[in-house]
Amino acid sequence: MCVLLKTLPRKSKEPTLSHKPFTPAPAGSRLLMSGNEAIARAVWDAGVRVAAAYPGTPSTEILENVARYPDLYSEWSVNEKVSLEVAVGASLAGGRSFCAMKHVGLNVAADALMTLTLTGVVGGLVIAVADDVGFSSSQNEQDSRFWGRFAHLPIVEPADSQEAYDMTRAAFDLSEKFNTPVILRLTTRVCHVKCLVDIGERVVKRAAESFVKNPSRWVMVPANAQKRVPEVFAREKALREESETTPLNRLEPGSDRRVGFVTSGPAYMHVRETFPDAPVLKLGLSHPAPMGKVKELAAQVDTLVVVEETEQLLEGEIRAAGIPARGKDILPAAGELPPYVLRRSLAALLPELAAGADEKAPKALPVFPRPPTMCVACPHLGVYYTLSQLRNVTIAGDIGCYTLGAGHPWNALDTTICMGASMGMALGLDKGRGVDDAKKSIVAVIGDSTFMHMGMQGLLDIAYNHGNVTVLLLDNRTVGMTGGQDNPASGRDIHGQPAPRIDFAQVVAALGIAPEHIRVVDPYVLPVLFKTLREEIKHEGPSVIITNRPCVLIDEYEKQPSFEVNEAACTGCGNCVEIGCPAIHVTRREKAIKPSGKEVELAFAAIETAACTGCKLCLQPCAPDAIRPATPTFPVTFS
Amino acid sequence: MSQTTNILVVGIGGQGVMTASEILSEAAISQGYRVKKTEVAGMSQRGGVVSSHVRFGPTVLSPEIAPGEADILVGFEAAEAMRWSHYLRPKNGARGGVAMINRLRLAPPIVSLGLFDYPDDPVAAVRAQGIEVHDFDAGEIARELGDLRLVNTIMLGAISGNLPFSAETLKDCIVTRFAKKKPEMAELNAKAFDLGKAAGGA
């Protein structure tokens with residue numbers, strides 16, 4: 001088997017994107033930009049004063065790029081709720097403000113959002129929410145357009161990078177004109193698609209130069225809040241009228257009037273490509289929807305079809321307005337709606353599509369899956385190797401790279417729901433245990449960033465309520481899964497400048513964990529890790545084991561000389577393979593009979609020395625000591 | 001025949017798939033085309049599959065290439081090329097899509113663990129579909145040049161004869177890109193491009 005670089009080690013000491021300032025291209029430039037890059041530029045050009053976010057795919061690069069522009073404040077917040085609250089405060093102070101998050105982030109921020117809608121804004125406030133349509137990197141596929149209905153807020157939906165730029169700017173104007181926060185609804189196919197973008201002039205303005213005390217606006221006690229409700233409905237009515245006239249919504253005529261489409265976001269591009277001659281109502285301000293325009297389109301066509309990613313939302317509203325429409329009866333209710341999906345679905349209405357040009361395409365060939373794995377030398381490898389050796393244990397997991405511990409070869413993570421859930425769920429698994437689980441140990445696994453995001457309250461609950469839970473707090477000093485963004489555990493701010501570093505042992509102690517049950521361990525020393533874990537799960541009460549080695553993708557990680565397998569010494573025990581390091585490969589398998597007469601399968605291994613960074617995890621379980629320092633076979637430069 | 005050129009670049013996180021498609025996009029822009037480039041790479045950094053779609057022409061609307069519509073498949077790894085081969089345009093009389101495949105075989109841990117098999121000959125499997133396939137060992141060329149990161153430029157060189165603009169245009173884009181960032185790498189990349197072009201033309 002050919003062994004070669006699986007992942008090129010990141011150049012050490014290379015600053016991450018948000019650490020690198022740059023000179024913005026002048027107004028009038030035409031640049032190849034992703035939606036996220038275009039939004040960042042628009043935030044700067046719109047004169048935003050404060051921008052905040054918590055990283056989350058596919059939204060992460062928005063703030064990474066915003067942070068590179070001069071003359072505005074940007075930050076990584078500890079969670080999305082805080083990022084929104086920072087933006088709200090900045091708006092009240094009089095300047096424009098912005099926050100960005102992935103779809104599930106708005107669930108966390110929703111508490112602030114649902115009352116912010118009552119207060120309104122001073123400086124324009126735009127909330128970018130990126131939906132992971134197609135589940136590329138998320139635990140669900142929720143449709144953020146619902147928030148517009150729930151919170152009575154306008155939803156703006158760009159379809160590509162140029163629109164992302166233009167509509168972000170328009171959203172700030174809309175926010176100030178209607179005294180409302182605006183939700184900029186994105187999907188992966190806006191965030192991560194690049195196309196040319198024409199850049200406009202930067203305009204900096206403030207709605208106010210000072211925070212003006214006004215308790216009836218800003219102190220939402222019941223008496224004050226109640227009085228704001230009619231304002232919200234009046235605003236929604238005004239926005240509905242705006243929706244009929246704004247250039248963000250346009251009716252495109254078409255010669256083939258058998259089917260007319262109502263659509264928004266990237267689905268518009270798919271519709272336009274698939275049905276070039278059809279009339280299309282393209283919604284940029286998709287909520288409140290312009291029912292007058294929908295009626296106008298409906299009058300022109302035989303059948304109206306609503307193409308929306310992902311849920312049946314507009315379609316229901318259109319039908320409720322008395323306009324017949326089709327949609328999710330023929331289109332999928334989940335996932336993206338690219339042209340080939342549209343062709344297949346619309347065959348129900350357009351007979352020429354039923355001929356099925358797709359059928360002639362070659363069939364997909366069966367190939368093994370290639371799920372994401374942990375990195376070579378990842379500090380989580382030893383933790384999951386150890387967990388996989390334990391019996392009679394239930395492991396509540398969380399959101400981050402360590403969620404991959406649910407996969408092979410470890411199979412050592414039993415639950416994942418949302419950020420921070422491992423804490424509360426572990427406590428519930430403890431308190432709710434049945435007789436069969438009486439002797440089971442409950443372990444929770446959470447990373448540094450997730451712990452700070454939503455885990456601390458859960459741990460406080462475990463401590464306060466005497467939970468019998470062993471918490472593994474995997475501190476790798478970064479937000480790993482999204483690419484190594486800084487956080488309070490990295491001790492650096494978004495620009496890479498020094499910032500106070502959290503002391504987890506102190507935090508955990510302050511939450512009520514007994515000092516003797518707070519253990520800090522090196523995750524690369526397996527015997528200590530194993531012994532510590534065994535001791536703490538035996539303890540009838542809460543304990544926290546903190547691992548203390550950095551993510552291999554960040555600057556702090558220091559590569560060590562690599563190792564190789566001495567083929568002559570390898571006995572095929574396969575122990576090293578159980579570590580799960582992607583630099584270790586099985587070169588051949590053999591059946592063998594043990595002295596006891598039992599048949600075993602031997603797995604002889606090799607280490608991809610060019611990828612190995614010398615963490616020494618695999619040396620520890622190797623039965624015959626067959627792993628030795630490598631001799632490089634050819635020069636590899638990673639200068 | 002559509003005026004849009006569809007190129008699908010596939011491989012594994014860390015191989016430079018996204019850089020390759022970025023360079024292709026820049027080259028197309030330099031020729032006055034409108035371009036859209038998209039990928040889903042949420043977890044690609046963790047050794048997962050990466051596929052990057054590049055579409056260019058007078059106007060480009062949808063960023064996604066549909067199965068059966070790619071003109072060129074650039075496979076940075078053999079099994080990944082096989083996984084995406086049905087995206088290539090079938091022959092149907094005219095010239096079908098072209099697969100340019102690096103023979104590199106990267107088995108993921110689940111293959112090492114014995115849970116799945118790596119196909120015996122992915123390149124042959126693609127060819128058996130009636131697809132025009134060019135394959136060579138880009139890693140070997142990169143190794144001879146002394147830097148494995150050159151695989152990216154080698155693969156671009158390999159497909160440069162199949163583009164609606166000249167190979168020199170693409171080469172200039174790469175050389176200029178490196179000349180700005182690391183001048184010492186410009187010449188090496190020019191050499192890698194030429195060797196890739198020769199290997200891919202076979």
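Here is how names work: the chains are called A, B, and so on, in the same order as the sequence lines, proteins then strands, and each is numbered from 1.
Counting heavy atoms of neighbouring residues, nucleotides and ligands inside a 6.0 Å radius, atom CG of A:Asp277 exceeds 12 of them. Around CD of B:Glu187, the count of heavy atoms belonging to other residues, nucleotides or ligands within 6.0 Å does not exceed 12.
At a threshold of 4.5 Å between non-hydrogen side-chain atoms, the residues B:Leu61 and A:His270 do not count as touching. A:His408 has its side chain out of reach of B:Ser112: every pair of non-hydrogen atoms, C-beta onward, lies at least 4.5 Å apart. Between A:Leu32 and B:Ser25 the shortest side-chain heavy-atom distance falls below 4.5 Å. In this structure, the side chains of A:Phe368 and B:Arg83 come closer than 4.5 Å at one or more pairs of heavy atoms. The shortest side-chain heavy-atom distance between B:Gln129 and A:Leu365 falls under the 4.5 Å cut-off. Contact check for A:Val577 versus B:Leu113: side-chain heavy atoms found under the 4.5 Å cut-off. Residues A:Leu196 and B:Val35 are not in side-chain contact: their nearest non-hydrogen atoms beyond the backbone lie 4.5 Å or more apart. Here the side chains of A:Arg370 and B:Glu77 are in contact, with some heavy-atom distance below 4.5 Å.
We find the CE-OG1 distance between A:Met269 and B:Thr38 to be 12.5 Å, quoted to the nearest 0.5 Å.
Across all non-hydrogen atoms, the minimal contact from A:Arg189 to B:Pro63 is CD-CG, 4.5 Å. For the pair A:Arg343 and B:Ala66, the tightest heavy-atom approach, listed with the atom from each and the gap, is NH2-CB, 4.2 Å.
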* To do: Could you check A:Glu336 against B:Glu64 for side-chain contact (heavy atoms from CB on, under 4.5 Å), going step by step and ending with a plain yes or no?
  => CA-CA 10 Å; A:Glu336 295 184 287; B:Glu64 294 181 64; 3.6 Å; yes
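Remark: side-chain polar atoms of A:Glu273 are paired, donor with acceptor, to backbone N or O of B:Ser62 under 3.5 angstrom.
Highest contact tally toward chain B, considering only A:Gly580, A:Cys191, A:Pro338, is held by A:Pro338 [criterion: heavy-atom pairs under 4.5 Å]. In terms of heavy-atom pairs under 4.5 angstrom with chain A, the leader among B:Thr59, B:Val126, B:Leu115 is B:Leu115.
Heavy-atom distances place the side chain of B:Ile110, and not its backbone, under 4.5 Å from chain A. Looking at A:Pro58, there are no atoms closer than 4.5 Å to chain B (heavy atoms on both sides), in backbone or side chain. Heavy atoms closer than 4.5 Å to chain B are found in both the backbone and the side chain of A:Pro369. The contact between A:Arg589 and chain B is made entirely by side chain atoms (from C-beta outward), counting heavy-atom distances below 4.5 Å.
Judged as a salt bridge (Lys or Arg N to Asp or Glu O under 4.0 Å), the pairs with a partner in residues 27-37 of chain B (not counting sequence neighbours) are, in order, A:Asp160-B:Lys36, B:Glu22-B:Lys37, B:Lys37-B:Glu39.
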